[in-house]
Number of protein chains: 2
Amino acid sequence: MTSQAADGPDMVAASRRSKITPEREREFFDAVLEQIRECGYDSVTMDGVAASTRCSKSTLYRQWKTKPQFVAAALRANRRVRFVGIDNGSLAEDLREVARAAGDWSRKDTKLLQALGHAVHSDAELAQALREALVEPEIAALQDILRRGVERGEVAEGHPALDYVPAMMFGVLRVRPVLTGEYADADYLVRFVEAVALPALGLT
Amino acid sequence: MTSQAADGPDMVAASRRSKITPEREREFFDAVLEQIRECGYDSVTMDGVAASTRCSKSTLYRQWKTKPQFVAAALRANRRVRFVGIDNGSLAEDLREVARAAGDWSRKDTKLLQALGHAVHSDAELAQALREALVEPEIAALQDILRRGVERGEVAEGHPALDYVPAMMFGVLRVRPVLTGEYADADYLVRFVEAVALPALGLT
DNA sequence: CTGTACCGATACGGCCGAGTACCGGTACAG
DNA sequence: CTGTACCGGTACTCGGCCGTATCGGTACAG
């Protein structure tokens, strides 16, 4: 974002300026996200990340100017497409598979969302990175699945429950630890889909 | 909880030891909870609470030993029974009224739950106070409403959706700000009840 | 072989918040 | 009227973390 736009013949030299390999960078990102999950955003320190990755605080500050920028970069690097390739030809089976897939990483993502939920009020860049990394890809993928169900005629277009499927899936996912202390696992989510989501959509 | 158990004739004098009236105490509690909602738990300072209530930090530390104990006391004082008196003789109408009632204070309670969600990992007393103040009363009241519906025969006992009603109500309530940036209002929640909760329970 | 520039380590300045100590004012008891 | 004890205000210590500066080591270029 700073000087990577150099188009001259020194671009190779410019990319050689940092000896941080992409693998090393991912170690930094994994470390800071893990510490956020464990202790919360405010309790995470740059010293702690440096110590746990055996690098120097200087190294971190050479790459990223401030702590929120560093965390935002870690979130953006963590962004990935969810629910990819879920297309079984049946909305009910697609939703069950979403539930199974969500159960796998629900613990990590829920912790992150919980820990950063209030930090985003103080840094707009952090807020946008969080949305792009953890919220929008999942919503979009879920809406794709629902749209295909509508196109196949399984659910009538404009069905009132359609608008609430993302909210109730992520709502149940996120609120489970608060209610019972346990994180939502795949089994719990699949049963939720069968007991609530499918009946609400008019699918048996 | 400390010396209020004195049974001697000096109990009047003992209760007179503190010149903090219950109304004054509630000002402290309201101030700290409001600041937590605005800035998060870690950003709230005892100096800030003292300044906003025009009292001295000494006064706060004379009554409560540490910051988490002070916050826990504020939460316990804020505990109240929710959904009280909701009993219309119809489960559908009861749930609609729950949605309307929840929309009124969802903003304040959701902010509190969000702000304290990660602070509870570092203080067990705080965690229990939060559960007793904001989670358990609402769950219990909701289950009472559901139980009456079962007793009236509106829903079969053991209906699979029954277990998920509290989770999906609070889930949708809490996750709305994350998804759209807006807090859930009464209208949104009532439509959710009609589009999802009632069909899932087999009520029209 | 020599220079360059990045890395890791350490130390430091500045700031801020938790919790403590002290002091004058004042309400209430007797 | 006099004493007691609590309240509010201020100043203080202590510790922690952000961000910066500095220095020796080392990998790579030419």
Side-chain angles (χ1 to χ4, degrees), chain A residues 2-4 6 9-28 31-32 35-36 38-74 119 122-123 125-126, chain B residues 2-4 6 9-28 31-32 35-36 38-74 119 122-123 125-126:
Chain A
T2 55
S3 61
Q4 295 183 356
D10 56 351
M11 200 189 73
V12 174
S15 70
R16 261 279 174 241
R17 286 183 68 89
S18 171
K19 296 174 181 171
I20 306 290
T21 66
E23 293 76 19
R24 185 72 169 134
E25 197 180 58
R26 175 147 293 276
E27 284 181 40
F28 298 153
V32 68
Q35 291 191 20
I36 287 175
E38 291 302 313
C39 314
Y41 176 80
D42 288 318
S43 299
V44 166
T45 69
M46 298 296 263
D47 292 86
V49 176
S52 71
T53 56
R54 283 190 298 277
C55 82
S56 165
K57 211 168 37 158
S58 316
T59 304
L60 299 179
Y61 277 105
R62 267 189 287 263
Q63 304 284 330
W64 303 279
K65 289 179 183 173
T66 66
K67 171 179 164 180
Q69 285 184 21
F70 174 46
V71 174
S122 56
D123 190 283
E125 182 186 356
L126 199 58
Chain B
T2 54
S3 60
Q4 295 182 357
D10 55 351
M11 200 189 72
V12 175
S15 69
R16 260 283 173 238
R17 287 183 68 89
S18 171
K19 295 174 182 170
I20 306 289
T21 65
E23 294 76 19
R24 184 72 169 135
E25 199 181 57
R26 174 148 295 275
E27 284 181 41
F28 297 153
V32 68
Q35 291 190 20
I36 287 174
E38 291 302 312
C39 314
Y41 176 80
D42 289 318
S43 299
V44 166
T45 69
M46 298 296 264
D47 292 88
V49 175
S52 71
T53 56
R54 283 191 297 278
C55 81
S56 165
K57 211 168 39 158
S58 316
T59 303
L60 299 180
Y61 277 105
R62 267 190 286 264
Q63 304 285 329
W64 303 279
K65 289 179 183 174
T66 67
K67 170 179 164 180
Q69 286 184 21
F70 175 45
V71 175
S122 55
D123 191 285
E125 183 186 356
L126 200 56

Expected string for nucleotides 8-23 of chain D under the B/S/- scheme (protein heavy atoms, under 4.0 Å, primed atoms plus P, OP1, OP2 as sugar-phosphate) is BBB------SBBBB--
Practice task
Take F28(B) and V32(B), measure what side-chain contact (heavy atoms from CB on, under 4.5 Å) needs, and give me the verdict at the end.
Solution key: CA-CA 6 Å; F28(B) 297 153; V32(B) 68; over 6 Å; no
For [X], which residues count as a side chain to side chain contact (heavy atoms under 4.5 Å, CB included) partner, sequence neighbours excluded?
{"X": "Y61(B)", "result": "M46(B), K57(B)"}
{"X": "S56(A)", "result": "S58(A), T59(A)"}
{"X": "D42(B)", "result": "D42(A)"}
{"X": "Q35(B)", "result": "V44(B), V49(B), S52(B)"}

Next on the checklist: Run C55(B) and E27(B) through side-chain contact (heavy atoms from CB on, under 4.5 Å) and show every step you take.
Outcome noted: CA-CA 10 Å; C55(B) 81; E27(B) 284 181 41; over 6 Å; no
Chi angles and distances behind the side-chain contact (heavy atoms from CB on, under 4.5 Å) call for R26(B), E23(B): CA-CA 5 Å; R26(B) 174 148 295 275; E23(B) 294 76 19; 5.8 Å; no
Applying the Watson-Crick and G-U criteria (both distances under 3.5 angstrom) with [ ] for crossing and | for other-strand pairs, one obtains for DNA chain D ||||||||||||||||||||||||||||||
**Item:** K19(A) NZ to dC6(C) P, straight-line distance once rounded to whole Å
**Value:**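 One finds 8 Å between P of dC6(C) and NZ of K19(A), rounded.
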Next on the checklist: side-chain contact (heavy atoms from CB on, under 4.5 Å), that's the test. Do D123(A) and Q69(A) meet it? Break it down for me.
Outcome noted: CA-CA 9 Å; D123(A) 190 283; Q69(A) 285 184 21; over 6 Å; no
